[in-house]
Asker: 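The structure follows.
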Amino acid sequence: MKGDSAIHHLGAEVADLTGEVDRVDGAMSHTSTEYKWLGVAMRNLVLDVERLNMIIQAYDKDLAALNRNGGLIKSRVNALGLLRRFQFSAVRRWQDFTRRSQIERFQDLSLIHI
């Protein structure tokens, strides 16, 4: 036969057609199994990326809320600082006035006794 002579000329390895088919079948089975594992791994990777995206979005929302609240708290702290500064200034003025009035009273008394 014409086909037999062509196979015979290609060598002993190719001449065993059943062995080649079995080898290719085993390779295809292994490749199919590996592709299944790859599909599972890719699905898990996509799920992990989606979870990370949700976590990042939650952190972004929290960060935006902290920035808003932080600005509000900072303005309140500044306002309270100004209030305390005004109160402290008023107390210092009162102390200065009281001290001055005591000194002036003492000076007035000392002038009377001279």
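These numbers come from a predicted model, not from an experiment.
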Asker: Less than 3.5 Å apart, which donor and acceptor atoms pair up between the side chains of residues 49-62 and the rest of the protein, not counting sequence neighbours?
Answerer:
from	atom 1	to	atom 2	distance (Å)
Arg51	NH1	Asp48	OD1	2.7

Asker: Using modelled atom types and a 3.5 Å cut-off, is there a donor and acceptor pairing between side-chain atoms of Thr98 and backbone atoms of Trp94?
Answerer: yes
Asker: Under 3.5 Å, which donor-acceptor pairs link side chains of residues 72-86 to any protein atom two or more places apart or in another chain?
Answerer:
from	atom 1	to	atom 2	distance (Å)
Ser75	OG	Gly71	O	3.4
Ser75	OG	Leu72	O	2.7
Asn78	ND2	Lys74	O	3.4

Asker: With rounding to the nearest 0.5 angstrom, report the CE to OH distance, Met28 to Tyr35.
Answerer: 9.0 Å
Asker: For Arg93, check side chain to side chain donor-acceptor pair (under 3.5 Å) against everything at least two apart and list the hits.
Answerer: Ser89
Asker: Whether the side chain of Thr33 engages the backbone of Ser29 through a donor-acceptor N/O pair (distance < 3.5 Å, no angle test) should be reported.
Answerer: yes
Asker: Can you measure from OG1 (Thr31) to CG (Leu38) and round to the nearest 0.5 angstrom?
Answerer: 11.5 Å
